[in-house]
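What follows is a short report on a single structure.
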Amino acid sequence: QVQLTESGGGSAQPGGSLTLSCVSTTNTSMAWFRRHEGEEREFVAAADWTGTSTSYADSVKGRFTISRDNTINAVYLQMNNLIPEDTALYYCAAGRLKYAYSHELGWWPTWGQGTQVTVSS
């Protein structure tokens, strides 16, 4: 059974940066989603197994970067220029395939436990 271990959440001021990490027990495409309080999870970013094919939600383009270290089956989310609207519970997800990914919540079979990101002054 695939397991995901997340780390790196915390607090930051507007304009600050945080990096989230997720280590998987398998080497497939991976993604980050987030859930604002009272809302459904929304897509943030995804990368195929190589890390060369990536996709971002419009709300984070130019500010967030997804990257991979496949020597340890890890995916990272570098979050720069944070804004209060980035405050959410962030989840790592792993797919079934290496080279395909989706923005759709239901496409991803395996999820991490979530890590809280809070942006406030």
Side-chain angles (χ1 to χ4, degrees):
Q1 184 171 349
V2 177
Q3 293 185 326
L4 303 176
T5 304
E6 300 174 18
S7 61
S11 298
Q13 293 188 339
S17 298
L18 286 172
T19 301
L20 306 182
S21 302
C22 176
V23 178
S24 174
T25 55
T26 189
N27 52 356
T28 61
S29 59
M30 297 181 76
W32 290 96
F33 283 72
R34 67 186 181 186
R35 183 173 63 82
H36 296 105
E37 188 172 351
E39 299 181 9
E40 184 55 274
R41 294 181 197 185
E42 65 177 19
F43 173 79
V44 176
D48 72 352
W49 178 69
T50 67
T52 58
S53 177
T54 59
S55 181
Y56 296 92
D58 288 342
S59 59
V60 306
K61 276 181 184 175
R63 301 188 299 119
F64 291 10
T65 302
I66 188 170
S67 62
R68 309 257 332 217
D69 180 353
N70 287 333
T71 62
I72 57 172
N73 285 343
V75 65
Y76 305 99
L77 187 68
Q78 175 66 44
M79 305 184 292
N80 296 328
N81 195 19
L82 286 163
I83 59 178
E85 290 76 12
D86 294 321
T87 296
L89 191 59
Y90 283 72
Y91 295 90
C92 172
R96 293 189 179 90
L97 306 173
K98 283 191 174 182
Y99 299 105
Y101 50 75
S102 170
H103 290 204
E104 297 298 322
L105 186 68
W107 192 88
W108 300 87
T110 306
W111 294 86
Q113 77 280 7
T115 185
Q116 179 68 37
V117 170
T118 302
V119 183
S120 69
S121 54

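Below, all heavy atoms of this structure are taken into account, side chains as well, without hydrogens, waters or symmetry copies.
- Taking 4.5 Å as the limit, every side-chain heavy atom of R96 sits out of range of all side-chain heavy atoms of T28.
- Annotation: cation-pi pair R41/W111 present, NZ/CZ under 6.0 Å from the ring centroid and within 45° of its normal.
- Considering only heavy atoms from C-beta on, R63 stays 4.5 Å or farther from M79 through its side chain.
- Contact of the V75 side chain with the W32 side chain is registered, since non-hydrogen atoms from C-beta on lie closer than 4.5 Å.
- Considering OG1 of T5 and CG of N73, their distance stands at 11.5 Å, rounded to 0.5 Å.
- Between atom CG of residue L89 and atom CZ of residue F33 there is a gap of 13.5 Å, rounded to the nearest 0.5 Å.
- Between atom CG of residue L20 and atom OH of residue Y91 there is a gap of 13.0 Å, rounded to the nearest 0.5 Å.
- Within a 6.0 Å radius of CD in E39, other residues, nucleotides and ligands contribute more than 12 heavy atoms.
- R68 contributes atom CZ, which lies 11.5 Å from atom OG1 of T54 (distance to the nearest 0.5 angstrom).
- In this model, no donor atom of one side chain and acceptor atom of the other lie less than 3.5 Å apart for D48 and S29.
- The environment of CD in E37 is sparse: at most 12 heavy-atom neighbours from other residues, nucleotides or ligands sit within 6.0 Å.
- Judged purely by atom type and a 3.5 angstrom limit, H103 has no side-chain atom pairing as donor or acceptor with the backbone of A46.
- At a threshold of 4.5 Å between side-chain heavy atoms, the hydrophobic network of Ile, Leu, Val, Met, Phe, Trp and Tyr places F43 and W107 in one connected group.
- E6 contributes a side-chain N or O that, together with a main-chain N or O of G114, makes up a donor-acceptor pair within less than 3.5 Å.
- Between the side chains of T50 and T52, at least one donor N or O sits under 3.5 Å from an acceptor N or O.
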Criterion side chain to side chain contact (heavy atoms under 4.5 Å, CB included) on T87 and Q116, from CA distance to verdict: CA-CA 8 Å; T87 296; Q116 179 68 37; 4.0 Å; yes
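- In plain terms, the two heavy atoms of L77 and A45 that are nearest each other are CD1-CB, 4.2 Å.
- A donor-acceptor pair is defined here as one N or O able to donate and one able to accept, closer than 3.5 Å; such a pair exists between the side chain of N70 and the backbone of W49.
- Side-chain N/O atoms of T19 and Q78 include a donor and acceptor closer than 3.5 Å.
- Both L105 and Y101 are members of a single hydrophobic cluster when ILVMFWY side chains are connected at heavy-atom separations under 4.5 Å.
- Taking CZ from R35 and CD from E42, the interatomic distance works out to 11.5 Å, rounded to the nearest 0.5 Å.
- For the atom pair M30 CE and Y76 OH, the distance stands at 10.0 Å (nearest 0.5 Å).
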Would T110 and L4 satisfy side chain to side chain contact (heavy atoms under 4.5 Å, CB included), going step by step from the backbone distance to the final call? CA-CA 8 Å; T110 306; L4 303 176; 4.0 Å; yes
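- Put simply, the side chain of W108 never gets that close to the backbone of C92: no donor and acceptor are under 3.5 Å apart.
- Side-chain contact between Y56 and T65: present, with at least one pair of heavy atoms (C-beta onward) separated by less than 4.5 Å.
- A pairwise comparison of heavy atoms in P109 and A94 identifies CD-O, 3.2 Å as the closest pair.
- Taking the side chain as every heavy atom from C-beta outward, S24 and V2 approach each other to under 4.5 Å.
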